[in-house]
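Please read these numbers as outputs of a predicted model, since none were measured by experiment.
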Amino acid sequence: MTLTFIARLRSRRVVVQDQLGVPDQAAVDGGGDGEDCCWTKLPPELLREVLLRIEDSETHWPQRKTVVACAGVCSSWRLIVKEIVKFPEISGKLTFPISVKQPGPKDGLLHCFIKRNRSTHTYCLYLSLTNALTDDGKFLLAARKHKRPTHNDYIISLRAEDMSRGSSSYVGKLRSNYLGNRYTILAGQSADTGSKMAKNHSPGLPNLKHASSKIHLVNYSMAHISYELEVLGSRGPRRMQCIMGTIPTAPILPEEPARARSEFSGSNTDIFQSNPIAHSEPASMGNFLSGSLCGQKNGALVLINKAPRWNEQLHCWCLNFQGRVTVASVKNFQLVASPENRKIVLQFGKVGKDLFTMDYQYPISAFQAFAICLSSFDTKVACE
């Protein structure tokens, strides 16, 4: 019965773009909330049972597009799908665009990889679909490097072909100081989300491709990254520290629920929203990029890189990546909450000339993990 339902659903032109599961305009127009839509007349008990079976059966991409398609049929379907689809920290699944700003799974690392394009200074993040290091993956985020006289910016977007700061697909950015040893992760959020929701209310899901290209955004500081300066010509592995300003120290404990949530700018429907995060003051960014780390922690979660061990046989510094990293590089790292804590929150490493793995888990999100990894790509004048 479920397969028949899916076939009939697709015949109604509920088409889903492969780009982060965003419905096409045909889905919005053809599957509205009007009374003439036959799908709104299904008994709620039957509808819930069908959607539960679809959610249980379509567990991986690209089949998971069916779940997103169901959320684009009408408001009654969307409300049930929103209730059924769990947060990534519980389900371990990335379904809607907001998932990349929600904490990762608690039961293990979520495997992703990053592809670098040297000629265009762009980086694309993909969700691994298999255990192989070379699968095609599911596109999640893209970033482009912009060189400034005194710093570098990495603009992070939901769409690889639209990475402008004023776009509705803008997620946030990573900003460095001149030396490349301090970075700030900034999350973008619409300054007038409430007014846009009232003015531009639509019964269907929003289509980022057709949304207004000019959105007034406010950047909020989410995290700070610092690399220790090398002095007197000393050489060795990089030493880094990440202060996650929107994540308190407590959520690193398994029994604590995650409280770090966020919203996307330009999202005008509840399926893409969750509880707002506790933002840091934007003014603190300049102080961090030019000043010291004193007073920056304030009870926030602090991640440090796991110290590598010197291998006498290989004559190099080594970390155990459990087969996920195959090429030695100064960019490779693993982040933990403390030297005594063996739980790896984020690991990043090289597997090819322009291919890198990125594995992360609770309490950080895919967006935060991606931004931290982008800092490792950047040139560090005084750190190596």
Side-chain angles (χ1 to χ4, degrees), residues 1-107 110 127 129-130 137-140 158 197 201-210 261 263-264 267-275 366:
M1 177 181 176
T2 302
L3 294 178
T4 305
F5 228 80
I6 294 174
R8 293 185 63 190
L9 176 64
R10 288 171 176 167
S11 69
R12 288 282 297 176
R13 296 177 64 205
V14 183
V15 183
V16 179
Q17 292 179 332
D18 189 45
Q19 177 93 359
L20 273 166
V22 179
D24 189 67
Q25 190 64 32
V28 176
D29 297 338
D33 293 340
E35 294 298 330
D36 58 337
C37 180
C38 63
W39 306 108
T40 62
K41 302 176 182 179
L42 290 173
E45 297 79 8
L46 174 61
L47 177 59
R48 181 177 177 82
E49 179 64 25
V50 171
L51 294 180
L52 274 171
R53 293 189 181 187
I54 294 175
E55 162 67 11
D56 292 339
S57 61
E58 310 294 347
T59 57
H60 298 89
W61 289 93
Q63 293 80 10
R64 197 151 180 79
K65 288 192 292 186
T66 305
V67 179
V68 183
C70 291
V73 175
C74 60
S75 60
S76 59
W77 284 52
R78 184 160 59 250
L79 290 173
I80 296 178
V81 171
K82 179 184 177 183
E83 179 184 349
I84 292 174
V85 176
K86 303 301 181 183
F87 292 129
E89 66 188 80
I90 299 174
S91 64
K93 304 171 187 174
L94 301 180
T95 305
F96 299 105
I98 188 61
S99 299
V100 300
K101 272 197 171 181
Q102 294 172 334
K106 289 185 175 182
D107 57 355
L110 193 61
L127 174 68
L129 302 180
T130 66
K138 170 74 176 71
F139 175 83
L140 296 178
L158 290 170
M197 290 178 64
H201 177 70
S202 171
L205 287 176
N207 183 5
L208 296 181
K209 186 176 181 180
H210 298 278
R261 306 277 188 227
E263 297 180 356
F264 278 117
S267 298
N268 57 356
T269 187
D270 53 8
I271 195 66
F272 292 95
Q273 298 176 0
S274 57
N275 299 329

In this structure, CD1 of Ile98 is separated from CG of Leu158 (nearest 0.5 Å) by 9.5 Å
What are the two closest heavy atoms between Pro44 and Ile80, and how far apart are they?
-> O-CD1, 4.5 Å
Atom CG of Leu51 and atom NZ of Lys82: how far apart are they, to the nearest 0.5 Å?
-> 15.5 Å
Nearest-0.5 Å distance, CG of residue Leu42 to CD of residue Glu49 | 13.0 Å
Check: Ile54 and Cys70 side chains under 4.5 Å, non-hydrogen atoms | yes
Once you round to the nearest 0.5 Å, how far does CG of Asp56 lie from CZ of Arg53?
-> 9.5 Å
To the nearest 0.5 Å, tell me how far Leu129 CG sits from Lys138 NZ.
-> 9.0 Å
Pairwise distance CD(Glu55) to CZ(Arg64) - rounded to 0.5 angstrom = 4.0 Å
Of all heavy-atom pairs linking Gln102 and Pro88, the shortest is OE1-CD, 3.1 Å
Among Lys65, Glu58, His60, whose side chain to side chain contact (heavy atoms under 4.5 Å, CB included) with Pro62 holds?
-> Lys65
Where the side chain of Trp61 meets the backbone of Leu94, is there a donor-acceptor pair that is under 3.5 Å apart?
-> yes
